[in-house]
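Comments concern the structure below.
Atoms within each ligand, like the ligands themselves, are counted from 1 in listed order.
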Amino acid sequence: MSLSVVILAAGQGTRMKSATPKVLHEISGKPMLFHVLDAAEKISDDITVVLHHQFDRVREAVASAYKRVHFHRQDAEHYPGTGGALRGIDFRHDRVLILNGDMPLVTTASLLRLSDARADLAMSVIDLEDPSGYGRVLIEDGKVQEIVEEKDCTPEQRRIHSVNAGVYCVRRQLLERYIPALSNDNAQGEYYLTDIVKMAVDDGKKVVPVFVEEAEFKGVNSRIDLAHAEELMQRRIRRAWMAEGVTMHLPETIYIDCRAEFLGECEIESGVQIHGPCRIENAHIKAHSVIEAAVIRDGSVGPMARIRPGSNLSHSHIGNFVEVKKSMLKGVKAGHLSYLGDAEIGEGTNIGAGTITCNYDGKAKYKTLIGRNVFVGSDTQLIAPVTIEDETIIAAGSTVTRDVPSGVLAISRAPLKIVEGFYRKFFNKGRA
Ligand code: UD1
Ligand code: MG
């Protein structure tokens, strides 16, 4: 781990047109910057994040999830630009890997290719059909000469397709020498980090281009880039889980949060969305269901069901249009059209269509406890807090307003009234 990492994340990200700092925009359930930090943490014990725009907000978000990261506040008023971002940072190790906070697709493996390049300065280069927006890399006889930012390019240089992906691995000594010597004599009046490449070349240092894939080094600057990066990340997440034995029907229609986890053999049908840190084991999630931060083990859900945060389902079958929130279900069948919130339901219990746990009185939430082998008839309302003990029957259409002891039938129904001849009288038609 003899490598320091610095992640540049001070920019405002104007092109996002957002009150949220660019690097906190999420890809597959996690801020972009966190994806970069995850890749960095695997290869370094000395990570510095450079911040300026909304310093406190970004620092708090990062510090809550990453305990050992250092923060550096860029003096962006006096030293704007990616070169300015590196002023005054102390690095622990002899080599420094420089990353951008807006590169959520970067992987540890590709970063290692840069740090393994055995150069004074290794830099990432992508060959792009459309190079617009990027700095162009001038290469002669396989040797990097310099990087020219698009705004400073001659028309001829603009046609170059080799671009700077923005990741570098540099000897610390070179940074200590070159960063204070940067000038801002360019089209944007900024201190360009990219100028250190020419400085190193002029000094006869070994500068090595490392060709990388856009799919990993894509920088996110706009919401269009964000959506594209999300697609690439989703493809990666789905492929990884399919390789682990998860069956997916029409995978391109499935969304899986990067924190979700699958165990055993799972089957995911088309249009399913899995948000947050879900744990899904030996389960079949049917078409168009939405699962949010829930645990599902040995059972099936859907089609078109919604399992919300804090739910834990095992050996259960949840059917269409059933919503479950913060509930523990073990060996339960709830086939159709129900809301089960803040409930605990035991083995062998059947929840009839249209059952509602009335868990909220407008002020607070209350629990519904249902025991084993209970038969809850259709269209039952359970007014929480309420307990239904083992082996009871709740008749269809009941409103359960108090606890039900074991072994009984609970029934609450308005008596049915029959009014003779009403149809004909009302519509003035039909049999006499
Ligand atoms: C930069 C490179 C360009 C490269 C591109 C790759 C420079 C001068 N140009 O351009 O050659 O092709 O990345 O994506 O480096 N940042 C700071 N402080 C600042 C300015 C930026 O920390 O004062 C951070 C940003 O938050 C961002 C990263 O540096 O994470 C890159 O900044 P950005 O403005 O996106 O640079 P580009 O114009 O894309
Ligand atoms: Mg950028």
Looking at [X], which atoms of ligand 1 are within less than 4.0 Å of one of its heavy atoms?
| X | value |
| --- | --- |
| Tyr192 | 8 (C) |
| Ala165 | 6 (C), 14 (O) |
| Thr194 | 7 (C), 8 (C), 9 (N), 11 (O), 15 (O) |
| Gln74 | 17 (C), 18 (N), 19 (C), 22 (O), 23 (O) |
| Gly135 | 3 (C), 4 (C), 11 (O), 12 (O) |
| Asn221 | 35 (O) |
| Ala85 | 18 (N), 22 (O) |

What part of [X] sits under 4.0 Å from ligand 1 if we count only heavy atoms: the side chain, the backbone, both or neither?
| X | answer |
| --- | --- |
| Val163 | neither |
| His52 | neither |
| Glu190 | neither |
| Ala9 | backbone |
| Ala76 | neither |

Flag the pair Phe34 / Tyr66 as yes when their ring centroid distance falls below 6.0 Å, and as no otherwise.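 When the ring centroids of Phe34 and Tyr66 are compared, they turn out to be within the sub-6.0 Å range.
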
I want to know if ligand 1 touches [X] in the polar sense, i.e. an N/O pair below 3.5 angstrom.
| X | value |
| --- | --- |
| Arg15 | no |
| Thr82 | yes |
| Ile147 | no |
| Leu193 | no |
| Val23 | no |

Ile268 and side chain to side chain contact (heavy atoms under 4.5 Å, CB included): which single residue from Thr247, Ile291, Ile274 fits?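 Only match with Ile268 under side chain to side chain contact (heavy atoms under 4.5 Å, CB included): Ile274.
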
Nearest 0.5 Å, please: how far is CG in Leu114 from CZ in Arg95?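 Going from CZ on Arg95 over to CG on Leu114, the span is 10.5 Å.
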
Could you state the interatomic distance from OG (Ser44) to CZ (Arg68), rounded to the nearest 0.5 Å?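 Between Ser44 OG and Arg68 CZ, I get 8.5 Å after rounding to 0.5 Å.
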
Give a yes or no on whether a salt bridge exists between Lys42 and Asp38, defined as a side-chain N under 4.0 angstrom from a carboxylate O.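 A salt bridge is absent here (no side-chain N lies under 4.0 Å from a carboxylate O).
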
How about NE2 on His317, more than 12 heavy atoms from neighbouring residues, nucleotides or ligands closer than 6.0 Å, or not?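 Yes, because the 6.0 Å sphere around NE2 of His317 holds more than 12 heavy atoms from other groups.
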
Does atom CD of Gln173 have more than 12 heavy-atom neighbours, drawn from other residues, nucleotides or ligands, at distances under 6.0 Å?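 No, CD of Gln173 has 12 or fewer neighbouring heavy atoms, counting only those of other groups under 6.0 Å.
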
With the side chain counted from C-beta on, respond yes when Leu99 and Leu8 share a heavy-atom pair under 4.5 Å apart, and no when they do not.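 Not in contact.
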
Name the option, out of Gly84, Gly101, Gly83, Gly81, that contains the heavy atom nearest to atom 20 (C) of ligand 1.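 Looking at heavy atoms only, Gly81 sits closest to atom 20 (C) of ligand 1.
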
Does Gly219 reach ligand 1, in the sense of a heavy atom lying below 4.0 Å from it?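 Distance cut 4.0 Å: Gly219 fails for ligand 1.
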
Name all residues meeting the salt bridge (Lys or Arg N to Asp or Glu O under 4.0 Å) criterion together with Glu231; count only those two or more places apart in sequence or in a different chain, and write none if there are none.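 Only Arg235 meet the salt bridge (Lys or Arg N to Asp or Glu O under 4.0 Å) criterion with Glu231.
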
Can you list every salt bridge (charged side-chain N to carboxylate O under 4.0 Å, His left out) pair that touches residues 167-192, not counting sequence neighbours?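 As it turns out, the salt bridge (charged side-chain N to carboxylate O under 4.0 Å, His left out) pairs with a partner in residues 167-192, which skip direct neighbours, are Asp94-Arg172, Asp120-Arg171, Arg172-Glu176, Arg177-Asp203.
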
Could you walk me through whether Val374 and Asp390 satisfy the side-chain contact (heavy atoms from CB on, under 4.5 Å) test, starting with their C-alpha distance in whole Å, then the side-chain angles of each, then the deciding distance to 0.1 Å, before giving a yes or no? CA-CA 6 Å; Val374 173; Asp390 295 349; 5.6 Å; no

Step by step, would you call Arg236 with Thr107 a side-chain contact (heavy atoms from CB on, under 4.5 Å)? CA-CA 11 Å; Arg236 192 186 287 174; Thr107 62; 3.6 Å; yes

